[in-house]
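A short worksheet on the structure shown next.
Throughout, numbering of the chain's residues begins at 1 and tracks the sequence.
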Amino acid sequence: MPLIFLNGGAMRGEPLNYLLEGAPCAGEVTTAPQYRFYSVGDRFPGLHPVAYGGAPITGELFDVPMEVLRNRLLPAEPPELELGVIALDDNRSVLSMLLRRPVVSDPQLIDITDYGSWHTYREESTR
């Protein structure tokens, strides 16, 4: 089963977690500091790899069966995201959803990198 880094609606306690069909959470993890993090129209987050100016982003790691990934999780992802491989701060490589390259110039994007996580951004932006 592949490990996948999730940082939005499919995390524990979030409305899309049911898509994982009970896949076990391997804990909270942080990316290597080589990503910018965006809110896409305040609907969902997206990671974008960068050569410089990145930061560590917090999310959750799940041990997802390939069938669940193929049949449930990926079909539910918005078209602005695509499956890719990211680096964690402990040098492991895992799957994650990334912003498609042309989308980065989309005016709906809000750079939320400094918040460090989707949860923090949503908590602080609703205050």
Is it possible for you to say whether [X] and [Y] belong to one hydrophobic cluster, with membership spreading through side-chain heavy-atom contacts below 4.5 Å?
| X | Y | value |
| --- | --- | --- |
| Leu3 | Leu74 | no |
| Met11 | Leu20 | yes |
| Ile86 | Ile4 | no |
| Leu98 | Val50 | no |
| Phe62 | Met66 | yes |

Between Asp114 and Tyr121: side-chain donor-acceptor atoms closer than 3.5 Å |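 No, Tyr121 and Asp114 have no side-chain donor paired with an acceptor closer than 3.5 Å.
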
Should [X] and [Y] count as side-chain neighbours, where that means a heavy-atom distance under 4.5 Å?
| X | Y | answer |
| --- | --- | --- |
| Phe37 | Trp118 | yes |
| Val29 | Asp89 | no |
| Asn7 | Thr58 | no |
| Val85 | Val94 | no |
| Glu60 | Phe5 | no |
| Leu16 | Leu73 | no |

Evaluation steps, salt bridge (charged side-chain N to carboxylate O under 4.0 Å, His left out), between Glu14 and Arg122 | CA-CA 12 Å; Glu14 294 293 324; Arg122 287 181 35 206; 2.9 Å; yes

Can you tell me which residue pairs pass the side chain to side chain donor-acceptor pair (under 3.5 Å) test with a partner in residues 22-35, sequence neighbours excluded?
->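 The answer is none; no pair qualifies.
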
Test side chain to side chain contact (heavy atoms under 4.5 Å, CB included) applied to Ile110 and Ser39, Ser125, Pro45, the passing residue |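 With Ile110 as partner, side chain to side chain contact (heavy atoms under 4.5 Å, CB included) holds for just one option, Ser39.
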
In Å, rounded to the nearest 0.5 Å, how long is the span from [atom1] of [X] to [atom2] of [Y]?
| X | Y | atom1 | atom2 | result |
| --- | --- | --- | --- | --- |
| Cys25 | Leu6 | SG | CG | 8.5 Å |
| Glu124 | Ser117 | CD | OG | 8.5 Å |
| Thr120 | Tyr115 | OG1 | OH | 9.5 Å |

Can you tell which of Glu77, Glu21, Glu67 makes a salt bridge (charged side-chain N to carboxylate O under 4.0 Å, His left out) with Arg72?
->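 Only one option passes, and that is Glu21.
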
Take Arg43 and Glu80, measure what side-chain contact (heavy atoms from CB on, under 4.5 Å) needs, and give me the verdict at the end.
-> CA-CA 11 Å; Arg43 294 173 294 140; Glu80 294 91 343; 3.5 Å; yes

Taking all non-hydrogen atoms of both residues, which atom of [X] and which atom of [Y] are closest, and how far apart?
| X | Y | result |
| --- | --- | --- |
| Ala23 | Asp63 | CB-O, 3.4 Å |
| Val64 | Leu69 | CG1-N, 3.8 Å |
| Val68 | Leu19 | CG1-O, 3.3 Å |

For the pair [X] (side chain) and [Y] (backbone), establish whether a donor and an acceptor sit closer than 3.5 Å, ignoring hydrogens and angles.
| X | Y | value |
| --- | --- | --- |
| Glu82 | Met97 | no |
| Asn17 | Gly13 | no |
| Arg36 | Thr113 | no |
| Arg92 | Ala87 | no |

With clusters built from Ile, Leu, Val, Met, Phe, Trp and Tyr whose side-chain heavy atoms come within less than 4.5 Å, directly or transitively, what are the remaining members of the cluster of Tyr52, listed by chain and number?
->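 Its cluster mates, by chain and number: none.
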
